[in-house]
Amino acid sequence: MLNPTPHEQLEAALGERQYRLRFPDDLEKRFEADTGDQRSQMLFISGVICLLIYDSFLIADYLLRPAQFWGIAALRLGLVSGFGMLALLWVRTGPPGWQREGCLALIIVLGMATSGLIFSFSPQSIAMFDPFSFCLILLASNIVIALRFKYALLTTLACLLIMALYVVPSALMPLEAKTFALLTTLGTAVFTLFANYRLEISERNNYLLLLRERLRASLMHESNQVLTHISQTDSLTQLPNRRRFDEVYQRLWQEAAQRARHIGVLMIDIDHFKRYNDHYGHQQGDICLATVAAAIESQRRAQDLVARLGGEEFAVLLTDTDLDTAVQIAERIRSAIEVLGLEHGASGERTMVTVSIGVALTVPTPQTTPAWLMRQADEALYAAKGSGRNCVQIAATSG
Ligand SMILES: Nc1nc2c(ncn2[C@@H]2O[C@H](COP(=O)(O)OP(=O)(O)OP(=O)(O)O)[C@@H](O)[C@H]2O)c(=O)[nH]1
């Protein structure tokens, strides 16, 4: 079975009941690649805010536990904030997802363990306040930092265990207060985990919708490019068609007018092509047209445009070219087709396929127009046909 395309994977993920916290592998990798850097930056900012709040509790420590203040300050500022800042700076560099989440989870657990230790230093009269700080740590972990759910769950369980290890055997609180503290912390854990789960689900769903829009836009862009190419290309010769020629011609004319530079047109027509068709058949005529087109294309300079204007008529747009060079290019094209040696048994004049070419060149002025120059090239072509074909003629106004 064929592997599903990114678009199919995406539609399947959107179609599923949206409660899963993991996409199929490819999509999951793309999710991490697309959102990882931004998440690292957000985690850095929310982490710094959490550390500031954590350290602001030094005010309460100073008021409630002045005797232990300096020891507690060393724990909060030196241990938790010190390691915390280092971890956040590292997270900001955009490490892989599991390292980023795991590292922050460890810092949160360290914060909880330190809060437990601070609780154990408390005088009996104020120990009852500390469980509130445990709840705040869970709030920070699950809502503000919003670790990915799996990490949030493990961190919460570790925090609850640490909290229970400090509070349950503690002699600082009566049983009623311990029960209240445990229930409050447990309730906070459940509520914040539930919110964390919903946050991640909605982040993932938003990502899927955004990705679908991006994929649709890029598919649309690709289709537009294909359609534009089709609408501007001649299907038989794969050369630009008349529409494309006119578009480029108008633009180059304006540029030549602004810069007072030459612009030139070579009008090329296969000689006695009606006879060729009649003699060899339309299908062979098509092959001949494509061969002649490729030969003309092979002689053009990089900056010039070759187009099939219709039927057996081609044109070359020349920019920044003097008359001598234009005639040289025309002569090169004429001779390249002659030396192809494509048999033309019905020509009457020669035995192989040849072309006649009209050359017209000008520096645009307010009195001249693109259509006027085309007419000049057409008249020169007509003159080439009149001079026995298989030759190049220059428009009278270009000489
Ligand atoms: N095979 C083929 N023939 C085409 C195509 N488009 C136009 N033609 C033929 O090209 C021929 C052009 O003939 P004319 O315009 O009379 O000119 P000519 O016979 O080349 O004569 P001169 O231009 O005077 O040398 C016609 O027979 C058209 O049917 C095409 O896409 N394929």
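The structure displayed is predicted, hence computed values, not measured ones.
- Contact annotation: the side chain of S133 approaches that of D130 to within less than 4.5 Å [non-hydrogen atoms, C-beta and beyond].
- The residues D234 and R242 are annotated as not salt-bridged, no charged nitrogen and carboxylate oxygen being separated by less than 4.0 angstrom.
- Residues D34 and L211 form a side-chain contact, since some pair of their non-hydrogen atoms from C-beta on lies under 4.5 Å apart.
- The pair R39-E101 meets the salt-bridge criterion, since a charged nitrogen lies less than 4.0 angstrom from a carboxylate oxygen.
- Ring centroids of Y197 and F194 are separated by 6.0 Å or more, keeping the two rings apart.
- R204 and E28 are joined by a salt bridge, as a carboxylate oxygen and a charged side-chain nitrogen come within less than 4.0 angstrom of each other.
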(request) In sequence, state the C-alpha distance, the side-chain angles, and the governing distance for I296 and L266, and then conclude on side chain to side chain contact (heavy atoms under 4.5 Å, CB included). (result) CA-CA 11 Å; I296 300 173; L266 306 184; over 6 Å; no
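- Checked against T156 for a side chain to side chain contact (heavy atoms under 4.5 Å, CB included), the options L186, T188, N142 give a single hit: N142.
- Not counting sequence neighbours, the partners of R216 by the side chain to side chain contact (heavy atoms under 4.5 Å, CB included) test are H7, E11, R212, E213.
- The side chain to side chain contact (heavy atoms under 4.5 Å, CB included) check on A336 picks up Q299, with sequence neighbours excluded.
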(request) Using the side-chain hydrogen bond (donor to acceptor under 3.5 Å, both in side chains) rule, take E247 and Q232 through it: C-alpha gap first, then chi angles, then the decisive distance, then the call. (result) CA-CA 10 Å; E247 196 182 295; Q232 296 185 333; 3.1 Å; yes
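- A salt bridge is absent between K29 and E32; no separation between the charged side-chain nitrogens and carboxylate oxygens falls under 4.0 Å.
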(message) Before you tell me yes or no, could you show the steps for F31 and F23 under ring-ring contact (aromatic ring centres under 6.0 Å, His included), namely the whole-Å CA-CA distance, both residues' side-chain angles and the distance that decides it to 0.1 Å?
(response) CA-CA 8 Å; F31 172 60; F23 300 134; 5.4 Å; yes
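- In this structure, K274 pairs ionically with D278, as a charged nitrogen and a carboxylate oxygen lie closer than 4.0 Å.
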(message) side-chain hydrogen bond (donor to acceptor under 3.5 Å, both in side chains), that's the test. Do S122 and R65 meet it? Break it down for me.
(response) CA-CA 7 Å; S122 290; R65 301 174 260 247; 2.3 Å; yes
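- In this structure, W372 and Q367 have side chains that are not in contact, with every pair of non-hydrogen atoms separated by 4.5 Å or more.
- With a 4.5 Å cut-off on side-chain heavy atoms, L88 and M85 count as touching.
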Pairs of donor and acceptor atoms involving the side chains of residues 314-324, under 3.5 Å and at least two apart or interchain, shall be tabulated with distances.
from, atom 1, to, atom 2, distance (Å)
D320, OD1, R261, NH1, 3.4
T321, OG1, R301, NH2, 2.7
T321, OG1, T319, O, 2.7
D322, OD1, D324, N, 3.4
D322, OD1, T325, N, 2.8
D322, OD1, T325, OG1, 2.5

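- With respect to V359, the side chain to side chain contact (heavy atoms under 4.5 Å, CB included) criterion is satisfied by exactly one of L381, I329, V392, V265: V392.
- Counting only heavy atoms from C-beta outward, the side chains of R100 and Y151 never approach each other to under 4.5 Å.
- Using a 4.0 Å cut-off between charged nitrogen and carboxylate oxygen, E349 and R275 do not count as a salt-bridge pair.
- Between T368 and L373, the closest side-chain pair of non-hydrogen atoms is not below 4.5 Å.
- The side-chain heavy atoms of Y62 and I72, taken from C-beta on, include no pair separated by under 4.5 Å.
- Salt bridge status for R350 with D271: absent, with no side-chain N to carboxylate O gap under 4.0 Å.
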